[in-house]
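Beneath this line is the structure, given in structure tokens, with notes to follow.
Bear in mind that the values here come from a model prediction, so they are computed numbers and not experimental data. Side chains are part of it too, since the values below use all heavy atoms of this structure and drop only hydrogens, waters and symmetry mates.
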Number of protein chains: 2
Amino acid sequence: MPHHENDRCEDTCFHPKLVESVAKGLLGRKSAEELAQLFKALGDPTRVRILNALYLSELCVCDLTDLLGMNQSAVSHQLRVLRDARIVKSKKMGKNVLYGLDDEHISGIISLGSEHVRELRQ
Amino acid sequence: MPHHENDRCEDTCFHPKLVESVAKGLLGRKSAEELAQLFKALGDPTRVRILNALYLSELCVCDLTDLLGMNQSAVSHQLRVLRDARIVKSKKMGKNVLYGLDDEHISGIISLGSEHVRELRQ
DNA sequence: TTTATATATGAACAAGTGTTCATGTGATGA
DNA sequence: TCATCACATGAACACTTGTTCATATATAAA
């Protein structure tokens with residue numbers, strides 16, 4: 001990765017030693033990309049509401065459709081995004097498909113996020 | 001909000017009591033929107049890398065420019081997104097502006113997210 | 001088999017996002 | 001004052017995203 005010499009501060013800023021030590025602790029590009037993908041998948045109100053509902057109970061697509069007041073296609077498309085990101089898991093039950101959260105990290109992340117938002121309000 | 005009667009399951013699915021109880025526990029639309037906004041702000045690789053760096057140390061724009069290998073304008077634009085979401089805070093130091101994480105929730109969220117991603121890899 | 005139901009998916013389109021380029025602003029130093 | 005530096009910002013543009021509509025698939029019932 002080429003340093004952007006032309007943009008480099010010359011005087012009081014650009015702390016080479018600090019930058020060097022921080023550089024060693026940085027995530028790799030690929031990890032950063034994966035992490036961003038995870039948050040991107042959480043970054044939509046419809047998907048947040050779906051996850052909020054699935055945190056409370058496993059539900060089928062139709063239940064979610066009713067809870068969200070959205071049409072089935074929109075819900076299925078968003079569930080696909082969440083499945084691809086391995087945030088939710090699904091199992092077939094007869095004609096229906098039951099969805100649930102894939103692991104506990106997700107609910108932890110959402111809880112922390114909720115706290116953050118709640119505090120920002122005050 | 002009108003229920004989507006036409007999309008409602010009729011037989012084995014659509015559990016009205018379950019749906020009703022879940023509905024009571026759901027975040028309001030506005031909270032879901034705010035939470036999604038938070039995650040959306042985290043959902044970009046450049047911003048993840050910025051936050052990762054700021055977690056390790058407060059840094060000025062120029063340091064970040066160098067660390068990320070990106071031009072200053074791109075970094076400033078992304079910092080604006082993070083400031084607007086109140087994820088980072090900034091203070092002026094002479095000609096420079098020093099950035100840092102706004103609160104501890106953010107590093108917690110990123111840590112949990114990193115764990116999740118790390119486990120998915122295995 | 002035929003029909004209906006629950007869900008998935010492709011195409012299309014409006015709306016949103018991230019980067020670059022050019023330029024503006026405010027602080028510093030000559 | 002004038003030039004320079006660090007940073008911010010607006011415009012433009014390619015790219016992505018979320019919803020809708022139409023349709024496909026799979027299970028179950030008749």
[atom1] of [X] versus [atom2] of [N]: gap in Å, rounded?
X	N	atom1	atom2	answer
B:Lys40	D:dT16	NZ	C1'	12 Å
A:Gln78	C:dT7	CD	P	16 Å
A:Met93	C:dA6	CE	C1'	14 Å
A:Glu33	C:dG18	CD	C1'	13 Å
B:Ile50	C:dT19	CD1	C1'	13 Å
B:Lys92	C:dT25	NZ	C1'	8 Å
B:Leu42	C:dT17	CG	P	14 Å
B:Asp63	D:dC7	CG	P	8 Å

Using OP1 and OP2 only, check whether a side-chain N or O of [X] sits under 4.0 Å from [N].
X	N	result
A:Asn71	D:dT20	yes
B:Tyr99	D:dA8	yes
B:Asn96	D:dC5	no
A:Arg80	D:dG18	no
A:Thr46	D:dT19	yes

No-H, no-angle donor-acceptor pair, A:Gln72 side chain to C:dA6 base, under 3.5 Å
no

Side chain B:Ser73 and base D:dC7 donor-acceptor under 3.5 Å:
no

Under 3.5 Å, is there a donor-acceptor pair between the side chain of B:Arg49 and the main chain of A:Ala32?
no

Ignoring hydrogens and angles, tell me if any N or O in the side chain of A:Lys89 forms a donor-acceptor pair with the backbone of A:Tyr99 under 3.5 Å.
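It does not hold such a pair.
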
Hits for salt bridge (Lys or Arg N to Asp or Glu O under 4.0 Å) against A:Arg80, two or more places apart or cross-chain, chain-then-number order -> A:Asp84

Return the set of residues passing salt bridge (Lys or Arg N to Asp or Glu O under 4.0 Å) with B:Lys92 (not counting sequence neighbours), or none when no residue passes.
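Testing B:Lys92 for salt bridge (Lys or Arg N to Asp or Glu O under 4.0 Å), a comparison that skips the adjacent residues, returns none.
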
Nucleotide of C:dT19, D:dG18, C:dG18 approaching B:Arg47 most closely (side-chain heavy atoms)
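Selected nucleotide (nearest to the side chain): C:dG18.
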
Give the nucleotide from the list D:dT20, C:dT28, C:dT19 with an atom nearest to the side chain of B:Lys95.
C:dT28

In terms of the angle between their ring planes, are B:Phe39 and A:Phe39 parallel, tilted or perpendicular, with boundaries placed at 30° and 60°?
parallel

What do you reckon, do B:His77 and the base of D:dT9 stack, with centroid distance below 5.5 Å and planes below 30°?
yes

More 5' along DNA chain D: A:Gly94 or A:Val75, using each one's nearest nucleotide?
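So the residue in question is A:Val75.
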
